[in-house]
Amino acid sequence: MRRWTAMAAPLAMALVLFVPGTAKASVVWDGDASKGTGVFALIGSNCASPGSVTVVSDDSRGKIFRFRKPAGLERCESRGIANNGQKYHFVNGRTYYLGWSFRLSNPVNNHAVFQWKSYGNHIQNWPVVLKMVDGKLTMLQRQPNNVVHTPWSKTITATNWNHIVLGLHLSDQTTGGWVELWLNGAKQTFTNGSQRWAARTWDDINDPKWGVYGADASSVDNHLDDLKVGTTYADVATSSEPTPTEPPQDTYPAWAPGTPYTVDAQVSYDGRNYRCLQAHTSQTGWEPPNTPALWQEVT
């Protein structure tokens, strides 16, 4: 019995040390081009000949990926990510940050440079897309029933290098997930005045797709570098980008009576932030803490 007790003590200590949920932030995937195209789970028919995904040399960056979509081809994309030859499976309920730098040979209108794409028994097709529209990098967000929002767009010089970080909290609830976006180290504000867009971001199976989709009549090269997926912003930010501190609580416009609010509008009240659950015109007595049917606290 004494021998068993002596052995059990260190075993119990080991179990304590490895309790699930205590893991720290980490890089989920490093898509460095020096590792070759095997960092992507699949290319195949996503970039059929004469399209190609190859590793090329850049004078200032070294090895990078080039996604080449010739005119007449609909797409040249990768699908999913892989570690040591094994496809990584994203998980509903978790938070991920996807970072990459890109440069386009042609900023032609109406082609996607990134898709958070749905597979399996899906109802959204693509919950989030980044595409070029009239010289602007544009984020589209698709909800169930083919409800498409355009939460953000910004004019960029697409033929220069731009760095993107896309934060995704995955949820299959209508507004249970969220999207955050950084462009060249600056966190972006969406059309509803917030920096976090509430949305359904999980659709049975989802994978990231980088490359070029659309603009069938044009030739487009999308050059990619700094590809990473992590569990925090710092995991995927480039060395030149500052790591953001936690935002102050009063991030959003102050709640006020007599104001029409739409679903997903965000406000601050008494040092806390809230998201609108039902469209309404506010009135005295309907302050966010007093009306949980209208407002949900954002932490």
Side-chain angles (χ1 to χ4, degrees), residues 28-29 41 77-81 87-100 112-131 133 137-153 164-183 187-210 213-214 229-233 236 247 251-252 261-267 273-280 288 291-299:
V28 171
W29 173 75
E77 298 177 293
S78 59
R79 173 188 167 182
I81 59 176
K87 184 180 188 297
Y88 180 83
H89 298 279
F90 292 84
V91 179
N92 187 20
R94 294 187 183 176
T95 301
Y96 297 92
Y97 291 82
L98 292 74
W100 71 96
V113 298
F114 172 84
Q115 298 189 71
W116 180 241
K117 178 71 171 173
S118 300
Y119 298 92
N121 186 26
H122 65 81
I123 60 174
Q124 287 171 267
N125 192 4
W126 44 262
V128 181
V129 160
L130 290 173
K131 67 188 301 185
V133 179
L137 184 62
T138 301
M139 187 180 105
L140 302 180
Q141 194 279 307
R142 186 173 188 171
Q143 288 286 84
N145 300 315
N146 198 29
V147 176
V148 178
H149 301 283
T150 306
W152 175 87
S153 65
I164 297 293
V165 174
L166 186 69
L168 294 171
H169 177 67
L170 304 184
S171 173
D172 58 6
Q173 302 302 302
T174 304
T175 54
W178 49 255
V179 184
E180 296 178 333
L181 180 67
W182 287 260
L183 174 64
K187 194 171 187 180
Q188 302 299 294
T189 300
F190 298 115
T191 53
N192 63 0
S194 78
Q195 293 184 320
R196 177 175 285 183
W197 183 268
R200 187 178 191 267
T201 52
W202 182 255
D203 197 17
D204 190 38
I205 299 172
N206 284 94
D207 284 320
K209 299 190 77 173
W210 285 279
Y213 178 83
V229 176
T231 57
T232 69
Y233 174 88
V236 302
T251 301
Y252 308 117
Y261 290 109
T262 59
V263 173
D264 292 334
Q266 302 207 30
V267 299
N273 295 325
Y274 296 87
R275 178 173 62 84
C276 181
L277 301 177
Q278 298 184 50
H280 67 284
T291 51
L294 299 177
W295 296 99
Q296 179 183 60
E297 186 175 353
V298 178
T299 57

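Predicted, not measured: the structure shown is a model, and the values here were computed from it. The first residue of the sequence shown is numbered 1, and numbering continues consecutively from there.
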Apply the test ring pair (Phe, Tyr, Trp, His ring centres under 6.0 Å) to residues Trp29 and Tyr88: give CA-CA distance (whole Å), side-chain angles for both, the deciding distance (0.1 Å), then the verdict.
-> CA-CA 9 Å; Trp29 173 75; Tyr88 180 83; 9.4 Å; no
Quick one: list whatever passes side chain to side chain donor-acceptor pair (under 3.5 Å) with Tyr213, sequence neighbours left out.
-> Glu74
Residue pairs involving residues 191-200 (criterion salt bridge (charged side-chain N to carboxylate O under 4.0 Å, His left out); sequence neighbours excluded) = Glu180-Arg196, Arg200-Asp203
Rounded to the nearest 0.5 Å, what separation is found between the CZ atom of Phe90 and the CG atom of Leu168?
-> 8.5 Å
Would you check if the distance from the ring center of Phe114 to the ring center of Trp210 is below 6.0 Å?
-> yes
If you round to the nearest 0.5 Å, how far is CG of Asn92 from CG of Asp172?
-> 4.5 Å
side-chain contact (heavy atoms from CB on, under 4.5 Å) involving Asn121 - partner list, sequence neighbours excluded = Asp204
Thr150 meets the side chain to side chain donor-acceptor pair (under 3.5 Å) criterion, sequence neighbours left out, with none
For the pair Trp202 and Trp116, name the ring-plane relationship: parallel under 30°, tilted 30 to 60°, perpendicular over 60°.
-> tilted
Under 3.5 Å, is there a donor-acceptor pair between the Trp197 and Gln141 side chains?
-> yes
Results of side chain to side chain donor-acceptor pair (under 3.5 Å) for Arg79 - residues two or more places apart only | Asp207
Have Arg142 and Gln124 got a donor and an acceptor in their side chains that come within less than 3.5 Å?
-> no
Parallel, tilted or perpendicular: which describes the rings of Tyr233 and Trp182, with under 30° parallel and over 60° perpendicular?
-> tilted
Could you grab the distance from atom SG of Cys276 to atom CG of Asp264, nearest 0.5 Å is fine?
-> 8.0 Å
Who passes side chain to side chain donor-acceptor pair (under 3.5 Å) against Gln115, sequence neighbours left out?
-> Glu77
